[in-house]
Amino acid sequence: MKILVTGGAGFIGSHTCVELLEAGHDIVVVDNLVNSSRKAIEAVQGITGRKFPFYEYDLLDKAACKEIFEQNTIDAVIHFAGLKAVGESVEKPLLYYRNNLGSTLNLLELMRDYSVNSIVFSSSATVYGAEASIPYVESMPRGKATSPYGASKQMIEQMLEDQVVAEAGFSAVLLRYFNPIGAHESGEIGEDPNGIPNNLLPYVAQVASGKLEQIGVFGNDYPTRDGTGVRDYIHVTDLARGHVVALEKKAAQPGVHLYNLGAGRGYSVLEVVDAFSTAVGRKLPYKIMPRRAGDLPEYYADPVKAKNELGWQSEYDIGRMCADTWRWQQKHPNGFEEE
(Lines give C-alpha, C1' and ligand atoms only; values in the text may rest on other atoms or scores of the structure.)
Protein backbone atom coordinates (compact mmCIF):
# COMPACT_ATOMS: atom_id res chain seq x y z
CA MET A 1 0.00 0.00 0.00
CA LYS A 2 0.98 3.65 -0.38
CA ILE A 3 0.53 5.31 3.01
CA LEU A 4 0.37 9.03 3.73
CA VAL A 5 2.06 9.62 7.10
CA THR A 6 1.19 12.99 8.63
CA GLY A 7 3.72 14.20 11.19
CA GLY A 8 6.13 11.62 9.80
CA ALA A 9 9.23 13.55 10.84
CA GLY A 10 8.27 13.40 14.52
CA PHE A 11 9.30 10.90 17.17
CA ILE A 12 6.64 8.23 16.69
CA GLY A 13 6.03 9.15 13.06
CA SER A 14 9.65 8.64 11.97
CA HIS A 15 9.86 5.24 13.66
CA THR A 16 6.59 4.22 12.03
CA CYS A 17 7.95 5.29 8.65
CA VAL A 18 10.89 2.91 9.17
CA GLU A 19 8.59 0.02 10.05
CA LEU A 20 6.27 0.72 7.11
CA LEU A 21 9.15 0.78 4.63
CA GLU A 22 10.72 -2.35 6.08
CA ALA A 23 7.33 -4.09 5.83
CA GLY A 24 7.33 -3.35 2.08
CA HIS A 25 4.92 -0.42 1.96
CA ASP A 26 5.43 2.84 0.08
CA ILE A 27 5.06 6.08 2.00
CA VAL A 28 4.46 9.77 1.45
CA VAL A 29 5.26 12.08 4.38
CA VAL A 30 3.88 15.51 5.26
CA ASP A 31 5.20 17.51 8.22
CA ASN A 32 5.42 21.24 8.90
CA LEU A 33 8.63 20.70 10.94
CA VAL A 34 7.38 22.93 13.77
CA ASN A 35 8.39 20.31 16.36
CA SER A 36 10.52 18.05 14.18
CA SER A 37 13.45 18.06 11.77
CA ARG A 38 14.10 17.34 8.13
CA LYS A 39 17.10 15.35 9.35
CA ALA A 40 14.71 12.75 10.72
CA ILE A 41 13.46 12.19 7.17
CA GLU A 42 17.05 11.84 5.94
CA ALA A 43 17.79 9.40 8.77
CA VAL A 44 14.75 7.25 7.90
CA GLN A 45 15.93 7.08 4.30
CA GLY A 46 19.42 6.17 5.50
CA ILE A 47 18.19 3.40 7.80
CA THR A 48 15.91 1.82 5.19
CA GLY A 49 17.85 2.63 2.01
CA ARG A 50 14.61 3.88 0.46
CA LYS A 51 13.60 7.29 -0.84
CA PHE A 52 10.07 8.69 -0.61
CA PRO A 53 8.24 11.97 -1.23
CA PHE A 54 8.36 14.50 1.59
CA TYR A 55 6.18 17.63 1.73
CA GLU A 56 6.99 20.41 4.17
CA TYR A 57 3.38 21.52 4.34
CA ASP A 58 1.04 22.42 7.17
CA LEU A 59 -2.24 20.52 7.18
CA LEU A 60 -3.97 23.79 8.03
CA ASP A 61 -3.07 24.86 4.48
CA LYS A 62 -5.63 22.74 2.69
CA ALA A 63 -4.86 24.14 -0.77
CA ALA A 64 -1.18 23.16 -0.45
CA CYS A 65 -1.99 19.72 0.90
CA LYS A 66 -4.32 19.09 -2.00
CA GLU A 67 -1.16 18.72 -4.10
CA ILE A 68 -0.19 15.64 -2.08
CA PHE A 69 -3.37 13.87 -3.13
CA GLU A 70 -3.10 15.16 -6.70
CA GLN A 71 0.46 13.90 -7.11
CA ASN A 72 0.15 10.55 -5.27
CA THR A 73 -2.38 7.73 -5.22
CA ILE A 74 -2.91 7.31 -1.48
CA ASP A 75 -4.38 4.05 -0.15
CA ALA A 76 -4.53 4.93 3.56
CA VAL A 77 -3.42 7.55 6.08
CA ILE A 78 -1.63 7.30 9.42
CA HIS A 79 -2.30 10.57 11.24
CA PHE A 80 0.29 11.73 13.80
CA ALA A 81 0.40 15.46 13.04
CA GLY A 82 -0.63 17.66 15.94
CA LEU A 83 0.56 19.67 18.90
CA LYS A 84 1.04 17.51 21.98
CA ALA A 85 2.37 19.42 25.02
CA VAL A 86 -0.21 19.12 27.80
CA GLY A 87 1.00 22.16 29.75
CA GLU A 88 1.15 24.37 26.68
CA SER A 89 -2.37 23.31 25.73
CA VAL A 90 -3.65 24.64 29.06
CA GLU A 91 -1.91 27.96 28.41
CA LYS A 92 -2.94 28.16 24.74
CA PRO A 93 -6.17 26.18 24.32
CA LEU A 94 -7.30 27.99 21.15
CA LEU A 95 -4.00 27.18 19.44
CA TYR A 96 -4.48 23.49 20.18
CA TYR A 97 -8.09 23.40 19.06
CA ARG A 98 -7.38 25.31 15.85
CA ASN A 99 -4.32 23.24 15.00
CA ASN A 100 -5.33 19.73 16.01
CA LEU A 101 -8.99 19.91 14.99
CA GLY A 102 -8.57 22.13 11.93
CA SER A 103 -5.76 20.06 10.46
CA THR A 104 -7.72 16.83 10.98
CA LEU A 105 -10.83 18.31 9.42
CA ASN A 106 -8.84 19.38 6.34
CA LEU A 107 -7.28 15.93 6.13
CA LEU A 108 -10.64 14.16 6.32
CA GLU A 109 -12.14 16.42 3.66
CA LEU A 110 -9.20 15.71 1.34
CA MET A 111 -9.53 11.99 2.02
CA ARG A 112 -13.23 12.20 1.12
CA ASP A 113 -12.53 14.18 -2.05
CA TYR A 114 -9.91 11.69 -3.24
CA SER A 115 -11.73 8.51 -2.11
CA VAL A 116 -9.25 7.50 0.59
CA ASN A 117 -11.31 5.48 3.06
CA SER A 118 -8.83 4.26 5.67
CA ILE A 119 -7.15 6.13 8.52
CA VAL A 120 -5.13 5.09 11.55
CA PHE A 121 -5.25 7.81 14.20
CA SER A 122 -2.59 8.42 16.85
CA SER A 123 -4.81 8.89 19.89
CA SER A 124 -3.89 8.81 23.58
CA ALA A 125 -4.75 7.13 26.85
CA THR A 126 -5.59 10.60 28.15
CA VAL A 127 -9.03 10.20 26.55
CA TYR A 128 -9.97 7.85 29.41
CA GLY A 129 -9.85 10.78 31.86
CA ALA A 130 -8.55 11.01 35.40
CA GLU A 131 -11.40 9.04 37.01
CA ALA A 132 -11.06 5.83 34.99
CA SER A 133 -10.15 2.68 36.89
CA ILE A 134 -6.89 0.80 36.27
CA PRO A 135 -6.11 -0.90 33.93
CA TYR A 136 -7.71 1.04 31.08
CA VAL A 137 -9.75 -1.13 28.72
CA GLU A 138 -11.26 -0.14 25.38
CA SER A 139 -14.83 -0.70 26.55
CA MET A 140 -14.55 2.23 28.95
CA PRO A 141 -16.27 5.45 27.85
CA ARG A 142 -14.22 8.54 27.18
CA GLY A 143 -13.85 10.44 30.45
CA LYS A 144 -13.52 14.10 31.35
CA ALA A 145 -10.46 15.50 29.62
CA THR A 146 -7.83 16.98 31.92
CA SER A 147 -6.37 19.35 29.28
CA PRO A 148 -7.23 20.92 25.93
CA TYR A 149 -4.72 18.51 24.37
CA GLY A 150 -6.70 15.57 25.74
CA ALA A 151 -9.97 17.16 24.71
CA SER A 152 -8.67 17.56 21.15
CA LYS A 153 -7.90 13.83 21.02
CA GLN A 154 -11.41 13.05 22.23
CA MET A 155 -12.97 15.35 19.66
CA ILE A 156 -10.95 13.85 16.81
CA GLU A 157 -12.01 10.36 17.88
CA GLN A 158 -15.62 11.59 17.72
CA MET A 159 -15.05 13.14 14.28
CA LEU A 160 -13.75 9.83 12.99
CA GLU A 161 -16.60 7.86 14.52
CA ASP A 162 -19.10 10.22 12.89
CA GLN A 163 -17.36 9.88 9.54
CA VAL A 164 -17.62 6.09 9.76
CA VAL A 165 -21.39 6.48 10.22
CA ALA A 166 -21.70 8.98 7.38
CA GLU A 167 -19.53 7.30 4.77
CA ALA A 168 -20.05 3.66 3.87
CA GLY A 169 -16.82 1.74 3.60
CA PHE A 170 -14.82 4.10 5.83
CA SER A 171 -12.34 2.50 8.27
CA ALA A 172 -11.00 4.37 11.31
CA VAL A 173 -8.47 2.72 13.62
CA LEU A 174 -8.05 4.59 16.92
CA LEU A 175 -4.83 3.68 18.72
CA ARG A 176 -4.64 4.81 22.33
CA TYR A 177 -1.24 4.71 23.93
CA PHE A 178 0.64 5.88 26.90
CA ASN A 179 4.32 6.79 27.29
CA PRO A 180 6.42 5.93 24.22
CA ILE A 181 10.15 5.98 24.92
CA GLY A 182 13.31 4.42 23.49
CA ALA A 183 14.81 4.97 20.05
CA HIS A 184 15.63 3.01 16.91
CA GLU A 185 18.32 0.43 17.55
CA SER A 186 20.62 2.21 15.09
CA GLY A 187 20.67 5.29 17.31
CA GLU A 188 19.95 7.44 14.26
CA ILE A 189 16.42 8.53 15.17
CA GLY A 190 14.95 9.19 18.59
CA GLU A 191 13.05 11.72 20.67
CA ASP A 192 14.34 15.24 20.04
CA PRO A 193 12.47 17.64 22.35
CA ASN A 194 12.79 21.40 22.06
CA GLY A 195 14.41 23.01 25.13
CA ILE A 196 14.22 21.31 28.53
CA PRO A 197 12.26 18.06 28.09
CA ASN A 198 8.82 17.68 29.64
CA ASN A 199 8.91 13.88 29.52
CA LEU A 200 10.87 11.66 31.89
CA LEU A 201 13.13 9.69 29.55
CA PRO A 202 14.57 12.56 27.51
CA TYR A 203 15.17 14.40 30.78
CA VAL A 204 16.95 11.41 32.33
CA ALA A 205 19.03 11.04 29.15
CA GLN A 206 20.16 14.65 29.37
CA VAL A 207 21.14 14.18 33.02
CA ALA A 208 23.14 11.12 31.97
CA SER A 209 24.95 13.12 29.31
CA GLY A 210 25.71 15.98 31.71
CA LYS A 211 23.44 18.56 30.06
CA LEU A 212 21.17 18.69 33.12
CA GLU A 213 22.24 18.43 36.76
CA GLN A 214 19.79 15.98 38.28
CA ILE A 215 16.46 14.23 37.82
CA GLY A 216 13.46 15.67 39.61
CA VAL A 217 11.20 12.95 41.03
CA PHE A 218 7.84 14.56 41.69
CA GLY A 219 6.42 12.82 44.74
CA ASN A 220 7.52 9.68 46.59
CA ASP A 221 4.44 9.21 48.75
CA TYR A 222 2.00 7.78 46.20
CA PRO A 223 0.26 4.47 47.02
CA THR A 224 2.61 2.57 44.69
CA ARG A 225 5.30 -0.04 45.29
CA ASP A 226 8.05 2.54 45.87
CA GLY A 227 5.98 5.68 46.36
CA THR A 228 6.72 7.17 42.93
CA GLY A 229 4.34 7.47 40.00
CA VAL A 230 3.82 4.40 37.81
CA ARG A 231 3.33 4.72 34.05
CA ASP A 232 2.88 2.36 31.11
CA TYR A 233 6.08 2.85 29.09
CA ILE A 234 6.31 1.29 25.65
CA HIS A 235 9.25 1.13 23.26
CA VAL A 236 8.63 3.40 20.30
CA THR A 237 9.58 0.60 17.89
CA ASP A 238 6.96 -1.68 19.45
CA LEU A 239 4.48 1.15 19.08
CA ALA A 240 5.43 1.74 15.45
CA ARG A 241 4.98 -1.95 14.68
CA GLY A 242 1.54 -1.73 16.25
CA HIS A 243 0.55 0.95 13.76
CA VAL A 244 1.71 -1.16 10.83
CA VAL A 245 -0.14 -4.26 12.03
CA ALA A 246 -3.32 -2.28 12.73
CA LEU A 247 -3.15 -0.80 9.25
CA GLU A 248 -2.62 -4.15 7.58
CA LYS A 249 -5.33 -5.93 9.55
CA LYS A 250 -8.05 -3.26 9.61
CA ALA A 251 -7.60 -0.82 6.71
CA ALA A 252 -9.93 -2.84 4.48
CA GLN A 253 -12.56 -3.40 7.19
CA PRO A 254 -15.13 -0.61 7.45
CA GLY A 255 -15.98 0.62 10.93
CA VAL A 256 -14.30 1.92 14.08
CA HIS A 257 -11.48 -0.21 15.44
CA LEU A 258 -10.21 0.78 18.88
CA TYR A 259 -7.07 -0.58 20.54
CA ASN A 260 -4.81 0.15 23.46
CA LEU A 261 -1.14 -0.17 22.59
CA GLY A 262 0.73 -0.61 25.84
CA ALA A 263 2.99 -2.91 27.79
CA GLY A 264 0.17 -3.97 30.09
CA ARG A 265 2.21 -3.10 33.16
CA GLY A 266 3.63 0.01 34.72
CA TYR A 267 7.13 1.09 35.67
CA SER A 268 7.74 3.55 38.49
CA VAL A 269 9.87 6.66 38.13
CA LEU A 270 12.59 5.14 40.32
CA GLU A 271 12.53 1.90 38.31
CA VAL A 272 13.11 3.94 35.16
CA VAL A 273 15.96 5.85 36.82
CA ASP A 274 17.54 2.56 37.97
CA ALA A 275 17.20 1.01 34.51
CA PHE A 276 18.78 4.03 32.87
CA SER A 277 21.57 4.00 35.45
CA THR A 278 22.26 0.39 34.45
CA ALA A 279 22.36 1.35 30.77
CA VAL A 280 24.80 4.18 31.48
CA GLY A 281 26.91 2.21 33.94
CA ARG A 282 26.65 4.63 36.86
CA LYS A 283 24.07 5.89 39.33
CA LEU A 284 22.24 8.95 38.12
CA PRO A 285 21.51 11.74 40.63
CA TYR A 286 17.91 12.54 41.49
CA LYS A 287 16.04 14.68 43.97
CA ILE A 288 12.61 14.10 45.45
CA MET A 289 10.36 17.07 44.69
CA PRO A 290 6.78 17.94 45.71
CA ARG A 291 3.99 16.26 43.78
CA ARG A 292 2.79 18.01 40.64
CA ALA A 293 -0.84 19.02 40.48
CA GLY A 294 -2.86 16.66 38.31
CA ASP A 295 -0.44 13.73 38.32
CA LEU A 296 -2.08 10.35 38.87
CA PRO A 297 -0.46 7.70 41.09
CA GLU A 298 -0.46 5.13 38.30
CA TYR A 299 -2.02 4.11 35.02
CA TYR A 300 -1.42 1.39 32.49
CA ALA A 301 -3.18 -0.39 29.66
CA ASP A 302 -4.92 -3.67 29.24
CA PRO A 303 -3.52 -4.61 25.79
CA VAL A 304 -5.27 -7.98 25.48
CA LYS A 305 -7.60 -6.85 22.69
CA ALA A 306 -4.67 -5.85 20.47
CA LYS A 307 -3.03 -9.20 21.14
CA ASN A 308 -6.17 -11.19 20.38
CA GLU A 309 -7.35 -9.26 17.29
CA LEU A 310 -4.12 -7.92 15.80
CA GLY A 311 -1.59 -10.46 17.02
CA TRP A 312 0.43 -7.58 18.47
CA GLN A 313 2.11 -7.21 21.83
CA SER A 314 5.04 -5.21 23.11
CA GLU A 315 8.37 -7.03 23.09
CA TYR A 316 10.97 -4.73 24.61
CA ASP A 317 11.35 -4.23 28.37
CA ILE A 318 12.45 -1.13 30.27
CA GLY A 319 16.11 -2.15 30.03
CA ARG A 320 15.98 -2.18 26.24
CA MET A 321 14.04 1.09 26.19
CA CYS A 322 16.72 2.80 28.27
CA ALA A 323 19.66 1.24 26.39
CA ASP A 324 18.30 2.40 23.03
CA THR A 325 17.55 5.89 24.38
CA TRP A 326 21.11 6.16 25.70
CA ARG A 327 22.56 5.07 22.34
CA TRP A 328 20.55 7.80 20.59
CA GLN A 329 21.63 10.36 23.21
CA GLN A 330 25.31 9.43 22.84
CA LYS A 331 25.20 9.58 19.04
CA HIS A 332 23.14 12.77 18.93
CA PRO A 333 23.71 14.71 22.18
CA ASN A 334 22.03 17.76 20.66
CA GLY A 335 19.33 15.85 18.83
CA PHE A 336 19.15 16.71 15.16
CA GLU A 337 20.81 20.10 15.66
CA GLU A 338 24.11 20.87 13.98
CA GLU A 339 27.06 19.88 16.16
Side-chain angles (χ1 to χ4, degrees), residues 10-23 40 43-44 46-48 122 125 135 175-193 197 199-209 215 217 224-226 228-246 259-284 286 298-304 306-307 310-333 335-336:
F11 177 43
I12 306 171
S14 61
H15 287 78
T16 302
C17 287
V18 169
E19 297 303 317
L20 285 166
L21 291 168
E22 293 188 341
V44 170
I47 290 168
T48 61
S122 169
L175 299 181
R176 296 173 175 173
Y177 40 85
F178 297 75
N179 297 75
I181 59 175
H184 190 265
E185 61 184 3
S186 67
E188 296 303 330
I189 53 174
E191 190 166 9
D192 184 20
N199 297 329
L200 178 62
L201 249 289
Y203 199 102
V204 172
Q206 292 193 15
V207 171
S209 66
I215 303 155
V217 177
T224 59
R225 50 187 172 270
D226 61 17
T228 63
V230 172
R231 302 290 181 264
D232 190 328
Y233 293 99
I234 180 174
H235 197 294
V236 65
T237 297
D238 278 335
L239 186 58
R241 290 173 181 155
H243 286 75
V244 177
V245 171
Y259 299 99
N260 290 332
L261 296 185
R265 59 154 294 177
Y267 297 96
S268 74
V269 174
L270 290 183
E271 286 171 340
V272 172
V273 172
D274 286 345
F276 212 99
S277 295
T278 298
V280 174
R282 67 180 189 279
K283 285 290 185 183
L284 299 179
Y286 66 86
E298 66 178 328
Y299 57 81
Y300 52 91
D302 180 343
V304 169
K307 181 179 180 181
L310 303 178
W312 175 91
Q313 61 183 343
S314 63
E315 297 178 18
Y316 298 145
D317 64 11
I318 192 66
R320 173 65 184 268
M321 298 180 211
C322 291
D324 286 344
T325 301
W326 181 229
R327 185 179 303 108
W328 153 255
Q329 182 70 33
Q330 288 178 296
K331 282 187 139 182
H332 300 275
F336 288 113

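Below, all heavy atoms of this structure are taken into account, side chains as well, without hydrogens, waters or symmetry copies.
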Before you tell me yes or no, could you show the steps for S268 and T224 under side-chain contact (heavy atoms from CB on, under 4.5 Å), namely the whole-Å CA-CA distance, both residues' side-chain angles and the distance that decides it to 0.1 Å? CA-CA 8 Å; S268 74; T224 59; 5.6 Å; no

Taking C-beta and beyond as the side chain, do Y300 and R265 meet within less than 4.5 Å on heavy atoms? no

Do S122 and Y177 have side chains that approach each other closer than 4.5 Å (heavy atoms only, starting at C-beta)? yes

Heavy-atom closest pair, residues V269 and T228: N-OG1, 3.4 Å

Parallel, tilted or perpendicular, as decided by the 30° and 60° cut-offs, for the rings of F336 and H332: tilted

Are R225 and V230 side-chain neighbours, meaning at least one heavy-atom pair lies under 4.5 Å? yes

Parallel under 30°, tilted from 30 to 60°, perpendicular over 60°: which one fits the rings of H184 and H15? tilted

Rounded to the nearest 0.5 Å, what separates atom CG in D232 from atom CG in N260? 8.5 Å

Is there a donor-acceptor pair closer than 3.5 Å between any side-chain N or O of T48 and the backbone N or O of V18? no

Distance check, rounded to the nearest 0.5 Å: Q313 atom CD versus I234 atom CD1? 11.0 Å

Taking everything shown except Y286 itself, do over 12 heavy atoms lie less than 6.0 Å from its OH? no

From NZ (K331) to CD1 (I189), nearest 0.5 Å: 11.5 Å

Residues F276, W326; criterion side-chain contact (heavy atoms from CB on, under 4.5 Å); working and verdict: CA-CA 8 Å; F276 212 99; W326 181 229; 3.9 Å; yes

Electrostatic pair E185:R320 at N-O distance under 4.0 angstrom: yes

Minimum heavy-atom distance between Q329 and S209, given as atom pair plus value: NE2-OG, 3.4 Å

Note, I181 side chain near I318 side chain (heavy atom, < 4.5 Å): yes

Can you find a pair of side-chain heavy atoms, one from I12 and one from P180, that are under 4.5 Å apart? yes

From CA spacing to verdict: side-chain contact (heavy atoms from CB on, under 4.5 Å), T16, R241: CA-CA 7 Å; T16 302; R241 290 173 181 155; over 6 Å; no

Who passes salt bridge (charged side-chain N to carboxylate O under 4.0 Å, His left out) against E22, sequence neighbours left out? none

When rounded to the nearest 0.5 Å, the distance separating OH of Y233 from CG of L239 is 15.0 Å

Would you confirm whether N179, through its side chain, and R231, through its main-chain N or O, come within 3.5 Å as a donor-acceptor pair? no

What's the separation between atom CD in E271 and atom CG in D226, rounded to the nearest 0.5 Å? 5.5 Å

Rounded to the nearest 0.5 Å, how far apart are CG of L261 and OG of S314? 9.5 Å

